[in-house]
Asker: 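Right, I'll just put the structure down here and ask away after.
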Amino acid sequence: MERLIEKLTEKYVLFTVSFAVRLTLVAYGDYQDRTMAVKYTDIDYHVFTDAAKFITEGASPYNRSTYRYTPLLAWLLIPNVHLSFMFGKILFITCDVLSGLLIYRILRLRGLSSQKSRLVSSLWLLNPLPMGVSSRGNAESILAVLVLGTLLCMEARRLTLAALLYGLSVHMKIYPVTYALPIALTLRTSQTRSQEVRDSWKFKKLFLFISSFVSRDLLLFASVAGGVFLALTLLFYHMYGWQFLHETYFYHLTRRDTRHNFSPYFYMLYLTAESRWSQWLGLAAFLPQMILLLVTSWTYHKDLALSCFLNTAVFVTFNKVCTSQYFLWYLCLLPLVIPHLSLSVKQGLGLLLLWFTGQGIWLGPAYFLEFEGSNTFSLIWLAGLVFQVINCFILTQIIAHYRPAHTPQRLKAD
């Protein structure tokens, strides 16, 4: 068994097998779609393709109802219309495997050996969850590449490219904006940590703290990332007007999803859907997120990979809408954290089992509501609370057992 694992985690074998398995799932999905009543392909993939078709006809991608993404995604999938319906799936599984490669390179830069880096990368590359999601036609793997690419470039101190990728990632989806504060704290000057500051009076400390953000690296990063985001926003606003801003950004800020999902907020929003306070309640749900994001950003910004993982996990756990695909937002960052955990294998597997148990508890009443028509809203809400407590417990265990690496010299990523 050990020899098989060693063989599978050889660099070229690992990436070849990972891509081949995903490609096989795409082929199987096509077969299932053509021959079975239950379809393999995600409904969102059809939404993406329909939006791309509208673009080829000279119309707006937002003519397709429920398309609430950047037009850039629809433009990327135009080959779905002209070349092959499978093009987007091939793109997504390629990005999925590329995410594994980026994880490997980041781990190498963070001081891990090649063998350990491959082993940890396999937790993503051979993980059935991202395999299934990308092969079904979900675009989350593109975001994973952009986020991991940003972290790799930050580790390698290639700030211009990191800023470009970061600006693009925030344009694609809004959640990477939660990385802005830890990145800013990482790139600011180190004046506030000097002995002079520790001995100075509080107003001088405040002034030096604020002035520390006026650094060459931070200004470069902010100008490039902001420029990319602003340029894409202005371009698509010119092409598609207010509808682009609403569907891509504002809809997600004011969204009140009353359908059952993992978030315990859904039941409150469901019960208050007709209330005049409904929209304000939806906005108030951001408050716990904001407070926790400020705390984790300030406390853990010295380790950017850990900070981004915690921020993403907090954002998803406390979001007013939470579905299974959101888990991939932080799961792609988890391999960067795992090598520095002092948890035993038994403890790690216990936390994993607890996480799946929490989902299982939720899926029971959700099944009876969706397929049997039973009124299980209160049970789903309670299950959502249990799952949230489980996620919080797992995060506290990760924080408690995290041991940052102290490598005097980082290894070159091969």
Asker: Under 3.5 Å, is there a donor-acceptor pair between the side chain of T299 and the main chain of T296?
Answerer: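 Not a single qualifying donor-acceptor pair exists.
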
Asker: Grab the two heavy atoms, one from P404 and one from H340, that are nearest each other, plus how far apart they are.
Answerer: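 Result for this residue pair: C-ND1, 4.5 Å.
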
Asker: Salt bridge or not between E140 and K173? Use side-chain N to carboxylate O under 4.0 Å.
Answerer: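 Between K173 and E140 there is a salt bridge, with a charged N closer than 4.0 Å to a carboxylate O.
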
Asker: So if I apply the side chain to side chain donor-acceptor pair (under 3.5 Å) rule between Y104 and each of S114, S121, S117, which one comes out positive?
Answerer: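 Among the candidates, only S114 passes.
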
Asker: Looking at C308 and L151, what are the two nearest heavy atoms and their distance?
Answerer: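 That closest heavy-atom pairing would be SG-CD2, 3.9 Å.
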
Asker: Ring-plane angle category for F92 and F48, please: parallel below 30°, perpendicular beyond 60°, tilted otherwise.
Answerer: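 Geometry flag for F48 against F92: perpendicular rings.
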
Asker: Are the aromatic ring centres of F229 and Y249 under 6.0 angstrom apart?
Answerer: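 They qualify: ring centres under 6.0 Å apart.
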
Asker: Output yes when a side-chain donor or acceptor of T312 lies under 3.5 Å from a complementary backbone atom of Y330, and no otherwise.
Answerer: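 Not at all, since once roles are kept as given, no pair shorter than 3.5 Å links the two residues.
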
Asker: Would you confirm whether T70, through its side chain, and L73, through its main-chain N or O, come within 3.5 Å as a donor-acceptor pair?
Answerer: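 Not a single qualifying donor-acceptor pair exists.
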
Asker: Would you call D44 and R136 a salt bridge, using N to O less than 4.0 angstrom?
Answerer: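 Salt bridge: no.
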
Asker: Just wondering, are more than 12 heavy atoms of other shown residues or ligands nearer than 6.0 Å to NZ in K116?
Answerer: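 No, NZ of K116 has 12 or fewer neighbouring heavy atoms, counting only those of other groups under 6.0 Å.
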
Asker: Take W242 and F250 through the test ring pair (Phe, Tyr, Trp, His ring centres under 6.0 Å) and record every step on the way to the result.
Answerer: CA-CA 10 Å; W242 172 256; F250 298 130; 5.3 Å; yes

Asker: Walk me through it: do H82 and F87 pass the test side-chain contact (heavy atoms from CB on, under 4.5 Å)?
Answerer: CA-CA 10 Å; H82 292 307; F87 172 83; over 6 Å; no

Asker: Heavy-atom count check: over 12 atoms from other residues, nucleotides or ligands less than 6.0 Å from W329 CH2?
Answerer: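 Yes, because the 6.0 Å sphere around CH2 of W329 holds more than 12 heavy atoms from other groups.
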
Asker: Are any non-hydrogen side-chain atoms of L107 and P339 less than 4.5 angstrom apart?
Answerer: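 Yes - at least one pair of side-chain heavy atoms lies under 4.5 Å apart.
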
Asker: Which is it for S307 and H301 under the side-chain hydrogen bond (donor to acceptor under 3.5 Å, both in side chains) test, yes or no, and what are the steps along the way?
Answerer: CA-CA 6 Å; S307 183; H301 70 270; over 6 Å; no

Asker: Is the backbone of T178 close enough, under 3.5 Å, to the side chain of N311 for a donor and an acceptor to pair up by distance?
Answerer: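 It does hold such a pair.
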
Asker: So, taking the atom named CD in Q243 and the one named OG1 in T248, what distance separates them when rounded to the nearest 0.5 Å?
Answerer: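 Going from CD on Q243 over to OG1 on T248, the span is 9.0 Å.
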
Asker: Check the angle between the aromatic planes of Y40 and Y28 and answer parallel, tilted or perpendicular using the 30° and 60° thresholds.
Answerer: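 Rings of Y40 and Y28: perpendicular, as their planes differ by over 60°.
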
Asker: May I ask you to test the C153-L165 pair for a side-chain heavy-atom distance under 4.5 Å?
Answerer: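 Answer yes - side chains close enough.
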
Asker: Do you see a donor-acceptor pair shorter than 3.5 Å between the side chains of N391 and T317?
Answerer: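 Judged by distance alone, the side chains do not pair up.
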
Asker: With sequence neighbours excluded, what pairs up with R158 under the salt bridge (charged side-chain N to carboxylate O under 4.0 Å, His left out) test?
Answerer: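 In terms of salt bridge (charged side-chain N to carboxylate O under 4.0 Å, His left out), with neighbours along the sequence ignored, R158 is linked to no residue.
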
Asker: Considering non-hydrogen atoms only, spot the tightest contact between V228 and G167 and give its length.
Answerer: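 Reported closest heavy-atom pair: CG1-C, 4.0 Å.
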
Asker: Do L77 and L91 have side chains that approach each other closer than 4.5 Å (heavy atoms only, starting at C-beta)?
Answerer: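 The answer is yes, as the side chains (C-beta and beyond) meet within the 4.5 Å cut-off.
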
Asker: Kindly write out the residues that satisfy ring-ring contact (aromatic ring centres under 6.0 Å, His included) with H401, not counting sequence neighbours, or none if the list is empty.
Answerer: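 Result, ring-ring contact (aromatic ring centres under 6.0 Å, His included) vs H401: none returned.
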
Asker: Quick one: pull up CG in L185 and CG in L181 and give me the separation to the nearest 0.5 Å.
Answerer: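 L185 CG to L181 CG: 4.5 Å, rounded to 0.5 Å.
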
Asker: Would you please classify the geometry between the Y62 ring and the Y67 ring as parallel, tilted or perpendicular, with 30° and 60° separating the classes?
Answerer: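 Ring orientation, 0 to 90° scale: tilted.
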
Asker: Identify the two heavy atoms, one from S141 and one from S99, that lie closest to each other, and give their separation to 0.1 Å.
Answerer: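 Result for this residue pair: O-OG, 3.9 Å.
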
Asker: Taking all heavy atoms of I361 and all of P365, pick out the closest pair and write down the distance.
Answerer: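 Where I361 meets P365 most closely, the heavy atoms are O-CD, 3.0 Å.
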
Asker: Taking the inter-plane angle between the rings of F244 and H171 on a 0 to 90° scale, is it parallel (under 30°), tilted (30 to 60°) or perpendicular (over 60°)?
Answerer: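 Rings of F244 and H171: tilted, as their planes differ by 30° to 60°.
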
Asker: Quick one: CE on M172 to CG on L72, what's the gap to the nearest 0.5 Å?
Answerer: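 Rounded to the nearest 0.5 Å, the CE-CG separation comes to 5.5 Å.
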
Asker: Is it true that atom CE of M290 has more than 12 heavy atoms of other residues, nucleotides or ligands lying nearer than 6.0 Å?
Answerer: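 Result for CE/M290: open.
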
Asker: Measure the CZ-OG distance between R118 and S113 for me, rounded to the nearest 0.5 Å.
Answerer: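 Between atom CZ of R118 and atom OG of S113 there are 8.0 Å.
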
Asker: Would you call L14 and L126 a side-chain contact if the rule is heavy atoms closer than 4.5 Å?
Answerer: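 They are in side-chain contact.
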
Asker: How many angstroms lie between CG in L351 and OG1 in T357, if you round to the nearest 0.5 Å?
Answerer: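 Rounded to the nearest 0.5 Å, the CG-OG1 separation comes to 11.0 Å.
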
Asker: Check whether E155 reaches the backbone of L109 with its side chain - one donor and one acceptor, N or O, closer than 3.5 Å.
Answerer: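 No, E155 side chain to L109 backbone: no donor-acceptor pair under 3.5 Å.
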
Asker: Minimum heavy-atom separation for V145 and C95, please, with both atom names.
Answerer: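 Of all heavy-atom pairs spanning V145 and C95, the closest is CG2-O, 3.1 Å.
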
Asker: Check the side chains of N319 and Y265 for a donor-acceptor pair under 3.5 angstrom, ignoring hydrogens and angles.
Answerer: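 There is no such pair (donor and acceptor under 3.5 Å, judged by atom type) between the side chains of Y265 and N319.
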
Asker: Taking the basic N atoms (NZ, or NE/NH1/NH2) and the acidic carboxylate oxygens, is any pair closer than 4.0 Å for D96 and K89?
Answerer: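 Between K89 and D96 there is no salt bridge, as every charged N stays at least 4.0 Å from the carboxylate O atoms.
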
Asker: So do the side chains of Y240 and P71 get within less than 4.5 Å of each other, counting heavy atoms only?
Answerer: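 When only atoms from C-beta onward are counted, P71 and Y240 do touch, with a gap below 4.5 Å.
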
Asker: Please check if the side chain of R105 supplies one atom and the backbone of L101 the other of a donor-acceptor pair under 3.5 Å.
Answerer: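 Checked: no pair found.
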
Asker: With distance as the sole test, does S223 use its side chain to make a donor-acceptor pair with the main-chain N or O of L220 at under 3.5 Å?
Answerer: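 Flag set: sc S223 to bb L220 pair under 3.5 Å.
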
Asker: Any non-hydrogen side-chain atom of L148 less than 4.5 Å from a side-chain atom of L333?
Answerer: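 In contact.
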
Asker: Begin from the C-alpha positions of S60 and N63 and carry the test side-chain contact (heavy atoms from CB on, under 4.5 Å) through to its verdict.
Answerer: CA-CA 6 Å; S60 168; N63 287 354; 4.0 Å; yes

Asker: Between I90 and L23, is a side-chain contact (heavy atoms from CB on, under 4.5 Å) present by the stated rule, with each step listed?
Answerer: CA-CA 7 Å; I90 302 300; L23 199 60; 3.5 Å; yes

Asker: What I'd like to find out is whether the side chain of L129 reaches to under 4.5 Å of the side chain of V133, using heavy atoms alone.
Answerer: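 Yes, side chains in contact.
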
Asker: For the atom pair CG (D217) and CG (L159), what is the distance rounded to the nearest 0.5 Å?
Answerer: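 Those atoms lie 5.0 Å apart.
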
Asker: Please list, chain by chain and in numerical order, all residues satisfying side-chain contact (heavy atoms from CB on, under 4.5 Å) with T66, sequence neighbours excluded.
Answerer: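 Residues passing side-chain contact (heavy atoms from CB on, under 4.5 Å) with T66: V47, R64, R68.
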
Asker: For a ring-ring contact (aromatic ring centres under 6.0 Å, His included) with F262, tell me which candidate from F318, Y326, W362 qualifies.
Answerer: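 Only one of F318, Y326, W362 forms a ring-ring contact (aromatic ring centres under 6.0 Å, His included) with F262, namely W362.
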
Asker: So, Y166 side chain and A180 main chain: donor-acceptor pair closer than 3.5 Å or not?
Answerer: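 Answer holds: yes.
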
Asker: Could you tell me if S169 and Y179 have a donor-acceptor pair between their side chains, going purely by distance under 3.5 Å?
Answerer: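 Not at all, the side chains of Y179 and S169 share no donor-acceptor pair under 3.5 Å.
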
Asker: Report the C-alpha distance between Y175 and V316 in whole Å, list the side-chain angles of each, state the deciding distance to 0.1 Å, and finish with yes or no for side-chain contact (heavy atoms from CB on, under 4.5 Å).
Answerer: CA-CA 9 Å; Y175 81 87; V316 172; over 6 Å; no

Asker: Taking atom types as modelled and ignoring hydrogens, do the side chains of Y402 and D303 form a donor-acceptor contact shorter than 3.5 angstrom?
Answerer: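 Result is yes, a qualifying pair exists.
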
Asker: Are side-chain heavy atoms of Y237 and L245 found at a separation under 4.5 Å?
Answerer: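 SC-SC contact between Y237 and L245 confirmed.
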
Asker: For the side chain of N138 and the backbone of S134, is there at least one donor-acceptor N/O pair under 3.5 Å apart?
Answerer: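 Side chain of N138 to backbone of S134: no pair is present.
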
